[in-house]
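Only one structure is covered here, and it is reproduced in the block below.
Below, chains carry the letters A, B, ... as their sequence lines are ordered, and counting in each starts from 1.
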Amino acid sequence: MNLDFSQIVPSIPFILKGIGATLQFVSVSIIVGLVLGTILALMKITNKKWLKWPADIYTSIFRGTPLILQLIIIHFGIPQLFEYDIPVFMSAVLAFGLNSAAYVSEIIRAGIMAVDKGQIEAAEALGIGYRPMMFNIILPQAWKNILPAMMNEFITLTKESALVSTIGYMDIMRRAEIVGAQIYRNLEPLLFAGLIYWVMIFILTNIGSWVERRMRQSD
Amino acid sequence: MINIENLTKKFGDNVVLSNISTTINKGEVVAIIGPSGSGKSTFLRCINLLEQPSNGHIWINGEEITHPKANKMEIRKAIGMVFQHFHLFPHLTVLENVSYAPVKVKHLKKDFAEKIAKEYLTRVGLMDKMDAYPNRLSGGQKQRVAIARALAMDPEIMLFDEPTSALDPEMVKEVLDVMKDLAQTGMTMVVVTHEMNFAKEVADRIIFMDDGRLVEEGNPNNFFTTPQSNRAKEFLEKVL
Ligand SMILES: Nc1ncnc2c1ncn2[C@@H]1O[C@H](COP(=O)(O)OP(=O)(O)O)[C@@H](O)[C@H]1O
Ligand SMILES: [Mg+2]
């Protein structure tokens, strides 16, 4: 079997640096996705059509087209349209953040809708206003549905993050490809990159299961 | 005092309440009975504006709550409601369930609201459960907490929508007993119920509804012994 990892040893630190790069843009994307996704979710659950519509259209577009297409359109479209030479980090965060917001908004909306309607009625009958009802009664209950699904979204995001290598962002994947080109052996660096992704996802998945168990216990 | 004049409620083309007029006096206990789907819940829910009436007027103590400029939140503070399925807040303890609205809505100090909450929990016999979460309670206990929660807002009127219909038979009495006590304190109560014995014993007046109409009303003795309408006669034959 022709498999030789000895040649990538000197390049291991170079590839490992990609972990930081990956985590950095993934975490910023998650924050963008959370903030925008929460706003979109709140727009969706109102009964005001002019708020609901834009949020629904947004979600439909970002969930209905491939992420890699969104990434490439943002990275190459913005320079063409606005004559602004967008840094790869920004393109990556924009594409992943905007895309994630669509999914996050659905997770939050579904989590809120799953709360028994009687809770709203009970709150209304007590004269509790919309905001305290939302923040003290509905969201704490929706949270149990939201959090496990949200952990899944973060895991998917981390896994899909390798797409940003296509626009030249120096993440784990991109670094593995560069090393491959240097040593004329692609398989070994890619297997090593795969191992890193697997460990990261393994850790996230375990955190996710732990969160899910905690949520179920508090039932 | 609640004055209701020509109350009509439609859902789309479906007329669920048509032209209901009646007056409920202070301290009066009114039992609303009638077949399922006759509009009893909707009638009750119009009184605290959980449903917006399509037509007609409702006044509470002379103030028109169906006025377009009426403040729903202010109105609801004075009206307690108890639901068939309790709707306790599952993530709050029993004490928090009862003290939450007095703090948030009436802006009472937390200790003071808790003191009041404990008084009402004592009154419904559940002081020992104050730190429990609702999922640890039986149905009857949940409903008694729900009653305490409504009472803690110090309402002038209490609405009950089939408060014992979701309970196991052995728990019906404990809830009805709490309601009887409440009736004796002079609370104005409107109770949708299938408990005919409770209606006979505790209510000052029966309202019989059928098909969205107030078909007949009168004191329990007359109503149960000599109902006037055929609809009421048929209904009583079925349930008694
Ligand atoms: N939110 C609603 N939307 C549409 N129809 C409703 C709604 N609420 C009640 N109804 C209809 O109104 C009628 C009366 O219902 P309800 O007041 O619940 O009767 P009851 O409490 O006497 O069983 C029923 O036919 C029911 O289907
Ligand atoms: Mg009903």
Side-chain angles (χ1 to χ4, degrees), chain A residues 34 38 41-42 45-52 104 107-151 208-219, chain B residues 41 44-52 65 71-93 96-107 113 133-136 142-143 145-155 157-161 166:
Chain A
L34 274 181
T38 307
L42 291 174
I45 57 166
T46 58
N47 41 22
K48 296 191 178 72
K49 281 220 169 58
W50 55 275
L51 279 173
K52 238 171 95 62
V104 166
I107 292 169
I108 296 177
R109 188 195 62 82
I112 290 173
M113 299 308 273
V115 176
D116 179 12
K117 295 283 163 297
Q119 294 290 305
I120 297 176
E121 302 211 323
E124 285 183 340
L126 286 163
I128 297 167
Y130 184 77
R131 261 159 189 270
M133 172 181 87
M134 224 43 210
F135 285 99
N136 300 338
I137 307 293
I138 305 301
L139 282 176
Q141 295 182 57
W143 202 228
K144 274 187 202 154
N145 316 324
I146 292 172
L147 213 49
M150 207 72 102
M151 283 306 299
S209 323
W210 178 80
V211 166
E212 211 172 325
R213 271 199 309 278
R214 285 293 306 268
M215 291 286 121
R216 232 181 289 128
Q217 268 168 19
S218 63
D219 256 358
Chain B
S41 296
L44 212 57
R45 293 158 59 83
C46 282
I47 298 177
N48 66 353
L49 299 179
L50 278 186
E51 299 292 354
Q52 193 64 42
I65 66 165
N71 183 342
K72 271 189 196 173
M73 291 301 160
E74 282 303 315
I75 293 156
R76 286 175 183 156
K77 275 191 212 173
I79 307 175
M81 183 157 195
V82 174
F83 301 88
Q84 182 177 353
H85 295 286
F86 333 123
H87 302 325
L88 293 180
F89 304 132
H91 60 302
L92 302 182
T93 63
E96 288 166 344
N97 260 281
V98 181
S99 61
Y100 175 80
V103 172
K104 268 291 161 194
V105 179
K106 297 182 99 180
H107 307 291
Y133 283 88
N135 61 359
R136 296 271 164 243
K142 281 182 193 166
Q143 196 59 299
V145 173
I147 293 172
R149 175 176 72 174
L151 290 176
M153 288 293 284
D154 194 21
I157 299 161
M158 284 284 285
L159 309 175
F160 295 82
D161 193 356

Contacting moiety of [X], where chain A heavy atoms sit under 4.5 Å:
X        : answer
B/Leu50  : side chain
B/Phe86  : neither
B/Met73  : both
B/Leu159 : neither

Between [atom1] of [X] and [atom2] of [Y], what distance do you get to the nearest 0.5 Å?
X        : Y        : atom1 : atom2 : result
B/Asn71  : B/Arg76  : CG    : CZ    : 9.5 Å
B/His91  : A/Leu139 : NE2   : CG    : 9.5 Å
A/Ile108 : A/Leu42  : CD1   : CG    : 7.5 Å

Can you name the residues that form a ring-ring contact (aromatic ring centres under 6.0 Å, His included) with B/Phe83, not counting sequence neighbours?
->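 Partners of B/Phe83 under the ring-ring contact (aromatic ring centres under 6.0 Å, His included) test: B/His87.
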Is B/Glu96 reaching over with its side chain to a backbone N or O of B/Thr93, donor-acceptor style, under 3.5 angstrom?
->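 Looks like yes, one N/O pair under 3.5 Å.
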Compile the donor-acceptor pairs under 3.5 Å between side chains in residues 121-130 of chain A and protein atoms, sequence neighbours left out, one pair per line.
{"unit_1": "A/Glu121", "atom_1": "OE1", "unit_2": "B/Arg45", "atom_2": "NH1", "d": "2.9"}
{"unit_1": "A/Glu121", "atom_1": "OE2", "unit_2": "B/Arg45", "atom_2": "NH1", "d": "3.1"}
{"unit_1": "A/Glu121", "atom_1": "OE2", "unit_2": "B/Arg45", "atom_2": "NH2", "d": "2.7"}

Between B/Asn97 and B/Leu92, what is the shortest heavy-atom contact and its length?
->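 Looking at all heavy atoms of both residues, the shortest contact is ND2-O, 3.0 Å.
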Which members of residues 110-120 of chain A, sorted by number, sit under 4.5 angstrom from chain B on a heavy-atom basis?
->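 Result: A/Asp116, A/Gly118, A/Gln119.
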For A/Asn145, all residues meeting side chain to side chain donor-acceptor pair (under 3.5 Å), sequence neighbours excluded =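 If we apply the side chain to side chain donor-acceptor pair (under 3.5 Å) test to A/Asn145, skipping adjacent residues, there are no hits.
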